[in-house]
Each structure stands twice: as C-alpha cells, then as structure tokens.
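Here the structure is a predicted model, which means the values were calculated and not measured.
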Amino acid sequence: MIGAEEHRGRGRASWALVLLWLAAALWAVPAAATPLHINAPLCHAVGPLAAPDDALSALRFSCSGEPTGYRDGSLWLRADVGNRSEDRNGAALMVHFSRFDRLAVGFTYADGQTRWQTVRRGDYGAHWRVGGQILFETPARVAPLTAVTMRFDRLADHSLLRARLIPKENASLQAAGMAALVGASLTLLLVSGIYSLSLAVAVRRQYLLWQAAWSGVMIVWGAFWSQIHLVIFPAMAGTVSAQASTLLACLAIGVATASAVTAIDARHLPRALRRGTLALGLAIAIVGVPLALIRTGNLQMLGNLLGIAVILDLIAVALCIGWSWRRGSVEARDFALAWCLPMATLAIIHLVDVEDGFWGGGSKLAVLVAATWQALWLSAASTRRLAHLRVERDDALAAEAQANELARRDPLTGLLNRRGFVDAVTPLLDQAREGALPAALLLVDVDRFKSINDIYGHEAGDAVLCRIAERIARWEGTMCSVARLGGEEFGLLTIGMEGIMLDRFAESIRREIALCDHSDTMGDRPVTASVGVAEVRPAPDFQYLYRIADEALYDAKRAGRNRINVQRVPPRGDGESGADDRGVAYPA
C-alpha cells in the first residue's frame, strides 16, 4: 500500500509538471515574432466580391470599431508595419484561420508597389504549412516593406483570425519545429491507439476500446487541424478541413469522457454522476455536428458556449475520478495523472488566450501535446494495471492448481488418491487403445493390517503405509501410474506389459513390500501383501479392469495371502473366453 507521503509527493510532482507545461504554452511566443492582432493595429474595410485586389485606393479603411457585413462580401484588413530593419531581409505572414472562400495578401513597399499572393478554398498551393498555418513570404526587393493587406472573401468570423508577421528565417525554423512536433505527437498517438486496441481485444476491457477510439479520433483531428492531410487530399484545403476539425474535436471530448468514466468500476460511482457525465460528453459530441456545418453567424459566441460545456464536462470527469479515488478505486488512482494535464489544458485554453503561443499553434497544439501525454500515460497505466491483474490471476490459478492437486493426493502417503488415480490412468488407457497395447491393473492389499493397528496403534499403521507407499512410488513413470486407493489398498496401472514380464513385475512388488523394514515400530514382525492382477488386451475401461483385479485380489487372499493372482481375460463384450481366462496364482 502506498503511504500518505508518497501520495503527496506524487501529487506535488504532478501539479508542478502541469504548471511548467502551462507556463511553456502561455509564453512560447518567439521573441522575434510580431503578432498582428485583429482589431488592434489593423484597419478594416468591407467591399464587394467583384472588386479587384489592387483597388486599395478606392476603399475607406477604418481603424476603430468592428467590421460588419463582410460575410457575403470581402473583408480587407491593413496593417502599417513601418520601416523595421529586421523585415528588410524578408518577412513572412502566417495566417491561422481557414474558413473563407479566398484569401489575397498584398505586401506594399516604400516605392509604392504592392505584390499580391493568393490562395482559395481547395487550393492552397505551396502556401500551407503544418500546424494549420498559411504562409506568405515577401518577394525579394530592395525597397523596405511598409504595409500588409489581407483580403478575405466570404470570411466566416473575423474575431477568430490570427496572423503573425515574422522574419523569413524564423518562419522556416518554426515550420520545421511545428512539423516535427506534430509528426511526433501523431506517431505516438498511433502507437498508443494500436496498443490499446490490441489490449482491448486480448483482455476484453471496454475502457481500453474507448481509449483506442479516442486515440484514433485525436489522430484524425490532428491530421485535419495540422493540414497534414493536404499532402494526399489538397482539394480539402480550407473550410472543409476546418469543419471536420470542429466535428472531430467535439467527438474527441465525448469519446474521452466515455473512456474516463468506463475505466472506473461502476461500484465506485453514484449512478446519477456516472450517467450525467456520460450524457454531457455525448451532448458535446452531438453538438459538434451542427457547429461544424455553420458557415455564418457568431462563431466566437458559439465557441464560448461550447467552451462552457467543455469546462462542465471536465468538472464532471474530475468529480468521477475524485469520488472513485476516495472510494478506493485503483483505476481512478492510476488514471488521475493521465487526465490532470489534458483537463487542465482544456480548462486553461477556454479561460486564457494562448493562440499566439507555441509558434502560432496555440491551443490546438497544446491540446495535441496534452493528448499525446494522456495516451502514453494511459497505455502505461493500463499495462501496469493489467500486469498486476495477470499476477493476481496467475497466483489464483496456481493456488487453484495446488488445491486441485491436493484434492487428488492422499494426505498421508503423498500418492494419488482414487479420484486422482482415475484421472491419471484415463489418458494411459486411451494411449493403450490407440496403440493396441495391453493394460494391467495391480491391486496391492496389506495382509492383516487391522491387527497392526490393534496391537501397535494407528501411528504404527500409518508408518507402515508410508514405507510401503515409498517403495511402490519407485515404479511411477510415463507407462505406470501409482495410487493409494483407500485404507491399506494400493493400485498400479501399467500399459505395454504382459505375460511373464507382468508376472515378474507383480512378484517384484510383493517381494519389495515384504522386504520393508518396520523394526522401529513393530520389532521383527513381518508385513506382507497380496497382489491381484487383471491383464486385458486391448485395454478396456478402468471400472472393468478394477472389477477383474479385485476378484483376483480376493482369490489371492483366500489362497493364503502373501501371493499374487493374475487374471488374463478378454475385454467386456467379446464372445467366448479362451484358455487364458483362468486365474494364475503365484504363492510366496
């Protein structure tokens, strides 16, 4: 059991890690980057779709208020960048929003010339970059850059726009870093998803299936958000990918909720809390469908409402984990650390604007990294938990096997008892029948054993039985099984032995028993045994063999004891008995 100090140490380490990661997310903006914030240094104008890109002089830009009426027309955004020396060697504009029909970017220089670059929905050309970014680099010119103009046709919502103007060399470095980080995250998610799915199939655990499904949804979402899918499907650039990303993000939250709740044993959660949390996660997944299809309207407001629902869902999941942890749930303890970082990340990005962090990847990249952490931790926690369960299962199976073995053994002599003997000789008899081999059962009964108990006591009688069992156990092997059938009676079943060889074998058993030394308990009193042998070819069932051997044993007793009697008979169901049906007795 983990002590209180260890629990507190883990908790402090977990929250320290969370705080460090959040600090990195909040302040990961490169020092050389100059974000162009919408509604801050940008001036705006709204014009018709038919206007040409170079009609800047005909537009009336306003540098205050918010633009309106642009969703069915063109929204122009212009920023004066001055004569910054770092941009004279080349600058790059990175745009982080893609719900539009067309985007034209104009770079204006000190000599009055404006150079335009254009992308449109379904055709980003070479301008797209990993991380949901569209990159426009300034042409190589001697004149310094003085202004940047962006024209959006049928823009969905200007309040969600993010754009950054940075030096070209920084853009290349950031694009490479973003591609490496996104690629690594998606690869780890894929590995974790495949691993969780294989575990789910192997051990048939529902929460592992949900976990694998969540990893799969996050992989697809990450591919759409980061625009990696444009390598294969370039025509999906723009609104379609943005809508798919919204749908997948809501679906991922719903699946993650199901994964967290189903991982906890239902006994540790109130039914109302469990059902309420699952219903909230399902509602968010369903709401993603209409939210993804909306082209017009206040997307910012709808996003804020969705953010409130997500925070409520996070609170509900946290309550489930905390409640079940206090009720002693091992699963809740194992998965708490896996969920704390993603939950904290989702909560922070809905409360704090981090869109300019992480090289422009902002909240999306933060969620992807947190999801990767969660997937890896859940895989590790599941493996550790299943390893513990496997150890417990193996211990239980070993204990069960030991109990079964004890149930098949005679506690005094250690030989098989009657039940264990029948189980052991069944495959031997099957083997004899398949190979047309003879089978023989030898019943050994200690002569006048009751008088030993009466005269010398039961302890002496037990010692006699143990010594005889020790001697008989020497013949135990692959072709012979040995047991104490009850009281002073022992049994040996052998296959492949017949005729004179079998007679000599039975006689050697009788002699070995007679040679046992019992002087420490009974002085010089000899102990002998009678042996009844049933030999049948081919091998019959055990009950038939036992009946014949028992008759032979009683014949040996009636003939004077301390002798063997062999009965060679055909198996039950054969016609007439031959000459070998007669019993053969061997006196001492």
Side-chain angles (χ1 to χ4, degrees), residues 410 413-429 431-433 437-447 449 464-465 467-516 527-572 580-588:
D410 172 50
T413 63
L415 297 179
L416 292 173
N417 58 21
R418 187 183 186 89
R419 171 189 169 187
F421 188 58
V422 173
D423 292 342
V425 302
T426 299
L428 279 178
L429 292 174
Q431 180 182 349
R433 278 191 288 270
L437 300 174
L441 176 63
L442 294 79
L443 294 182
V444 179
D445 190 88
V446 181
D447 296 328
F449 183 73
V464 169
L465 293 176
R467 284 196 178 92
I468 294 175
E470 248 180 68
R471 193 62 61 95
I472 292 177
R474 297 175 183 177
W475 286 285
E476 179 80 38
T478 57
M479 306 291 282
C480 181
S481 186
V482 179
R484 180 191 177 195
L485 300 180
E488 65 274 16
E489 185 177 87
F490 297 86
L492 298 91
L493 187 140
T494 180
I495 62 173
M497 192 182 296
E498 60 183 339
I500 296 177
M501 184 181 297
L502 179 62
D503 298 343
R504 290 178 177 175
F505 177 61
E507 177 62 18
S508 66
I509 291 174
R510 187 196 66 78
R511 289 180 178 177
E512 287 289 331
I513 292 175
L515 292 174
C516 286
V527 177
T528 62
S530 301
V531 183
V533 183
E535 177 194 334
V536 180
R537 182 189 183 99
D541 60 82
F542 174 76
Q543 294 301 328
Y544 182 67
L545 261 180
Y546 184 82
R547 192 175 74 230
I548 301 302
D550 193 51
E551 292 175 0
L553 176 62
Y554 275 99
D555 287 344
K557 290 283 189 181
R558 285 192 291 266
R561 296 182 176 85
N562 191 25
R563 65 187 62 226
I564 66 172
N565 186 280
V566 182
Q567 293 285 342
R568 296 186 173 92
V569 295
R572 180 176 51 186
D580 286 341
D581 287 354
R582 297 169 298 172
V584 181
Y586 295 88

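Of all non-hydrogen atoms in S530 and A556, the two that sit nearest each other are CB-CB, 4.2 Å. Between D541 and Q543, the shortest heavy-atom contact is OD1-N, 3.2 Å. Here the closest heavy-atom approach between residue F490 and residue L465 is recorded as CZ-O, 3.8 Å.
Annotation: the span from I548 atom CD1 to L443 atom CG amounts to 11.0 Å, rounded to 0.5 Å. For the atom pair CG (L441) and OH (Y544), the distance works out to 13.0 Å, reported to the nearest 0.5 Å. Rounding to the nearest 0.5 angstrom, the gap separating the OG atom in S481 from the CG atom in L492 is 8.5 Å. Rounding to the nearest 0.5 angstrom, the gap separating the CG atom in N565 from the NZ atom in K557 is 12.5 Å. Atoms CZ and SG, on R467 and C516 in that order, are 8.5 Å from each other to the nearest 0.5 Å. Rounding to the nearest 0.5 Å places CG of L553 at 12.5 Å from CZ of R563.
Applying the side chain to side chain donor-acceptor pair (under 3.5 Å) rule to D550 yields no partners; only residues at least two apart in sequence or on another chain are considered. With sequence neighbours excluded, the residues that form a side chain to side chain donor-acceptor pair (under 3.5 Å) with T528 are D447. Residues passing the side chain to side chain contact (heavy atoms under 4.5 Å, CB included) test with R433 are L429, D430, A539, sequence neighbours excluded. Applying the salt bridge (charged side-chain N to carboxylate O under 4.0 Å, His left out) test to R504 and every residue at least two apart in sequence or in another chain returns nothing.
Here the side chains of L502 and L442 are in contact, with some heavy-atom distance below 4.5 Å. Using a 4.5 Å heavy-atom cutoff, the side chains of I468 and V527 are in contact.
More than 12 heavy atoms of other residues, nucleotides or ligands sit less than 6.0 Å from atom CZ of F449. By the 6.0 Å contact criterion, CZ on R511 is open, its count of non-hydrogen atoms from other residues, nucleotides or ligands being 12 or less.
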Tabulate below the donor-acceptor pairs under 3.5 Å that side-chain atoms of residues 415-423 make, not counting sequence neighbours, or state none.
{"unit_1": "N417", "atom_1": "OD1", "unit_2": "R419", "atom_2": "N", "d": "3.2"}
{"unit_1": "N417", "atom_1": "OD1", "unit_2": "G420", "atom_2": "N", "d": "2.8"}
{"unit_1": "N417", "atom_1": "ND2", "unit_2": "A407", "atom_2": "O", "d": "2.8"}

List, one per line, each side-chain donor-acceptor pair under 3.5 Å for residues 493-500, sequence neighbours excluded.
{"unit_1": "T494", "atom_1": "OG1", "unit_2": "M479", "atom_2": "O", "d": "3.3"}
{"unit_1": "E498", "atom_1": "OE1", "unit_2": "R537", "atom_2": "NH1", "d": "3.4"}
{"unit_1": "E498", "atom_1": "OE2", "unit_2": "R537", "atom_2": "NH1", "d": "3.1"}

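Among residue pairs with one or both ends in residues 472-490, those qualifying as salt bridge (Lys or Arg N to Asp or Glu O under 4.0 Å) are D410-R484, R474-E512; sequence neighbours excluded.
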